[in-house]
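Numbering of residues begins at 1 and proceeds along the displayed sequence. Below, each value reflects all heavy atoms present in this structure, side chains not excepted, and no hydrogens, waters or symmetry copies. Since the structure is predicted, the reported quantities are computational estimates derived from the model, not experimental observations.
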Amino acid sequence: MPPLEPFGARLRRAMDERGPLCVGIDPHAALLSAWGLGDDIAGLERFARTTVEALADRVAVLKPQSAFFERFGSRGIAVLERAVADARAAGALVLMDAKRGDIGSTMAAYAETYLDPAAPLFSDAVTVSPYLGYGALRPALDLARASGTGVFVLALTSNPEGAEVQHALRADGRSVAATMLDHLRAENADAAPMGSFGAVVGATLAGGLTAAGVDPAIGGPLLAPGIGAQGATAADLPKVFGAAVRDVVPNVSRGVLRHGPDVSALRESAARFADEVREAVGTG
């Protein structure tokens with residue numbers, strides 16, 4: 001199978017055509033219950049199938065949270081495999097939210113799980129954790145470049161606990177988060193129209209970027225969790241990301257999913273969020 005067009009180029013086109021929005025697929029027990037479904041394989045399968053049916057042909061990115069499928073064991077992974085394949089077949093880019101991070105051959109195996117085109121869970125991109133050292137991510141970065149896929153590295157996350165690591169200062173005075181963004185900026189050098197190596201930077205961090213001394217412009221995408229249930233709004237994006245706002249991929253999960261299982265309501269909610277983001281970032 002020939003390599004895909006680079007992920008950054010595919011993502012830029014999807015965002016321009018479908019709107020700059022990523023919707024999570026997070027089938028946790030409370031949402032399954034709210035949909036009138038059981039916290040079991042049947043409920044999981046119905047939830048995933050309905051979300052993909054409602055959104056995969058119209059949103060730029062779908063982001064399954066692997067943990068909510070893994071908790072059901074091999075049968076849950078089978079549901080995840082089907083959801084990924086169906087979402088990609090319908091035109092959505094799939095970002096696997098796995099947050100893997102390890103070293104050597106183990107990191108390489110994680111990369112092959114999500115970024116090898118022959119793998120059952122092959123996705124367009126994956127989230128990774130750099131806190132065994134950015135260099136330990138090299139197997140994933142190299143495979144992504146070779147296969148036309150993407151990697152999103154945790155940098156400044158939306159949870160308050162992250163600050164104790166991400167805002168910590170190195171001996172050279174730079175924060176850990178700023179260091180991660182510097183690495184990604186180098187990965188994306190000379191990429192057009194957008195690099196394939198992104199960062200996770202919370203939309204709730206209105207003062208966090210300044211406090212951490214970071215420039216979010218990395219030449220690649222910025223996955224921004226926190227819109228909706230966590231309190232951030234589309235209008236906050238220019239304040240948080242400044243000139244890099246056009247490269248932001250806002251992530252909404254509960255804000256959309258709470259409208260299920262009604263397919264029309266899911267679609268209307270996602271369209272509303274996408275319109276709000278377009279207006280906020282000036283692409284509407």
Side-chain angles (χ1 to χ4, degrees), residues 4-26 50-65 83-84 86-97 123-125 127 150 152 158 192-196 198-204 216-260 262-284:
L4 295 167
E5 182 184 12
F7 172 72
R10 293 188 289 128
L11 177 61
R12 176 79 275 158
R13 185 166 58 250
M15 292 169 64
D16 290 346
E17 293 176 355
R18 295 185 169 203
L21 188 68
C22 169
V23 178
I25 306 179
D26 297 357
T50 301
T51 304
V52 169
E53 175 191 344
L55 302 176
D57 65 345
R58 61 198 63 217
V59 302
V61 184
L62 286 177
K63 183 176 70 66
Q65 170 46 260
V84 170
D86 288 351
R88 297 190 73 241
L93 297 176
V94 172
L95 167 56
M96 182 64 70
D97 196 356
S123 304
D124 296 285
T127 58
F152 284 83
S158 57
M194 182 165 65
S196 298
V200 180
V201 178
T204 55
I218 59 170
L222 299 161
L223 181 68
I227 300 288
Q230 293 187 47
T233 68
D236 294 322
L237 296 174
K239 293 180 287 186
V240 176
F241 295 98
V245 71
R246 189 167 180 269
D247 294 335
V248 171
V249 188
N251 176 69
V252 180
S253 295
R254 282 171 289 176
V256 170
L257 298 176
R258 65 186 179 85
H259 295 283
D262 183 276
V263 168
S264 295
L266 288 167
R267 289 173 174 169
E268 290 170 5
S269 178
R272 184 167 58 252
F273 274 111
D275 287 344
E276 290 174 359
V277 172
R278 282 194 187 99
E279 182 177 354
V281 305
T283 60

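Contact check for Val249 versus Pro20: no side-chain heavy atoms found under the 4.5 Å cut-off. Between Val94 and Val61 there is no side-chain heavy-atom pair separated by less than 4.5 Å. In this structure, the side chains of Glu268 and His259 stay at 4.5 Å or more apart for every pair of heavy atoms. The shortest distance between side-chain heavy atoms of Leu62 and Leu95 does not fall below 4.5 Å. For the pair Ile218/Leu222, a side-chain contact is recorded, criterion being any heavy-atom separation below 4.5 Å from C-beta on. Taking the side chain as every heavy atom from C-beta outward, Arg10 and Leu93 approach each other to under 4.5 Å. Using a 4.5 Å heavy-atom cutoff, the side chains of Pro221 and Leu11 are in contact. Put simply, the side chain of Ile227 does not reach to within 4.5 Å of the side chain of Glu276, judged on heavy atoms.
Here Arg254 does not pair with Asp26 in a salt bridge; the nearest charged N to carboxylate O distance is not below 4.0 Å. Here Arg278 pairs with Asp275 in a salt bridge; the nearest charged N to carboxylate O distance falls below 4.0 Å. Using a cutoff of 4.0 Å between basic side-chain nitrogens and carboxylate oxygens, Lys239 and Asp236 are scored as salt-bridged. Salt bridge Arg18/Asp57: absent, no basic N to carboxylate O contact under 4.0 Å.
Heavy atoms only, all atoms of each residue included: Asp124 and Ala92 are closest at OD2-O, 4.0 Å. Across all non-hydrogen atoms, the minimal contact from Val248 to Ala224 is CG1-CB, 3.7 Å. When all heavy atoms are compared, the tightest approach of Ala234 to Ala280 is O-CB, 3.2 Å. In terms of heavy-atom proximity, Gly19 sits nearest to Ala60 at O-CB, 3.5 Å. Of all heavy-atom pairs spanning Leu237 and Pro250, the tightest one is CD1-CG, 3.7 Å.
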Task: Worked verdict on Val256 versus Leu55 for side chain to side chain contact (heavy atoms under 4.5 Å, CB included) - done: CA-CA 10 Å; Val256 170; Leu55 302 176; 4.2 Å; yes
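To the nearest 0.5 angstrom, Glu53 atom CD is 9.5 Å from Leu266 atom CG. Here the straight-line distance linking atom CE of Met15 with atom CE of Met194 works out to 5.5 Å at 0.5 Å rounding. Separating the OG1 atom in Thr127 from the CG atom in Asp97 is a distance of 4.0 Å, to the nearest 0.5 Å. From Asp86, atom CG reaches atom OG1 of Thr51 across 12.0 Å, with rounding to the nearest 0.5 Å. Here the straight-line distance linking atom SG of Cys22 with atom CZ of Phe273 works out to 12.5 Å at 0.5 Å rounding. Atoms CD1 and CE, on Ile25 and Met96 in that order, are 9.0 Å from each other to the nearest 0.5 Å.
No donor-acceptor pair closer than 3.5 Å links the side chain of Arg12 to the backbone N or O of Pro193. Of the possible polar contacts, one joining the Ser269 side chain to the Gly255 backbone as a donor-acceptor pair under 3.5 Å is found. A donor-acceptor distance shorter than 3.5 angstrom exists from the side chain of Ser196 to the backbone of Gly8, with no hydrogens or angles considered. For Arg88 (side chain) and Ser123 (main-chain N/O), no donor-acceptor pair under 3.5 Å exists by modelled atom type.
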